[in-house]
Amino acid sequence: MGRPRVLLAEDHAPTAKLMRALLRAEFDFIGCVEDGAAPVEAVTRLSPDVTVSDIAMPHLDGIAAARIIVASDANARIVLVTVHADLMLVEAGLAAGVLGYVLKDTAGSGTGPSDITVAGHHRAVPKSALSRRIS
């Protein structure tokens with residue numbers, strides 16, 4: 001079996017470039033979309049094994065997009081990658097059906113792609129997302 005195929009939803013070009021570079025270590029990168037509405041169509045068209053999505057994006061936030069994707073495909077695997085270490089967002093994401101919540105600042109530490117891999121296979125929220133709640 002090959003490596004998991006990943007779709008990235010990230011509206012900030014420099015961050016998308018960094019995330020693509022990091023994700024390529026463990027995933028086959030199949031595409032990047034730049035707004036929250038685009039992953040809904042792209043997941044149907046590309047059938048990724050894992051969708052990695054930012055939360056704050058134009059047109060539709062990542063949590064709302066995840067809710068739509070999971071409603072149409074209960075087997076969809078979505079991991080939120082964000083700067084927001086807010087417990088309310090973690091809970092909203094999990095309620096929407098995402099499997100994981102990874103903070104962007106862990107991505108550069110070398111644990112980010114591994115966190116995404118784990119979260120893409122199991123429901124997981126890194127402790128850092130819970131322990132660093134933003135007021």
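- The two residues G36 and A65 have their closest heavy-atom pair at O-CB, 3.3 Å.
- I69 places a side-chain heavy atom less than 4.5 Å from the side chain of V40.
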### Task
Tell me, with the steps shown, if D49 and F27 meet side chain to side chain contact (heavy atoms under 4.5 Å, CB included).
CA-CA 9 Å; D49 297 312; F27 296 91; over 6 Å; no

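- The side chain to side chain contact (heavy atoms under 4.5 Å, CB included) test with L8 singles out one residue from V81, V52, V33, and that residue is V52.
- Note on M57 and L46: separate hydrophobic clusters, where clusters join Ile, Leu, Val, Met, Phe, Trp and Tyr whose side-chain heavy atoms are under 4.5 Å apart, directly or indirectly.
- Residues L94 and Y101 share a hydrophobic cluster, clusters being chains of Ile/Leu/Val/Met/Phe/Trp/Tyr side chains in contact below 4.5 Å.
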### Message
Before you tell me yes or no, could you show the steps for L80 and L89 under side chain to side chain contact (heavy atoms under 4.5 Å, CB included), namely the whole-Å CA-CA distance, both residues' side-chain angles and the distance that decides it to 0.1 Å?
### Response
CA-CA 10 Å; L80 297 175; L89 289 175; over 6 Å; no

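- Of the possible donor and acceptor atoms, none in the side chain of R24 sits under 3.5 Å from a partner among the backbone N and O of F29.
- For the residue pair G62 and S53, the shortest heavy atom distance occurs at CA-OG, 3.8 Å.
- The side-chain hydrogen bond (donor to acceptor under 3.5 Å, both in side chains) search around D28 returns R3, not counting sequence neighbours.
- I78 places none of its side-chain heavy atoms less than 4.5 Å from the side chain of V43.
- In the hydrophobic clustering of this structure, L7 groups with I63; members are Ile, Leu, Val, Met, Phe, Trp, Tyr whose side-chain heavy atoms approach within less than 4.5 Å, directly or through other members.
- Residues satisfying the side-chain hydrogen bond (donor to acceptor under 3.5 Å, both in side chains) test with E41, not counting sequence neighbours, are R45.
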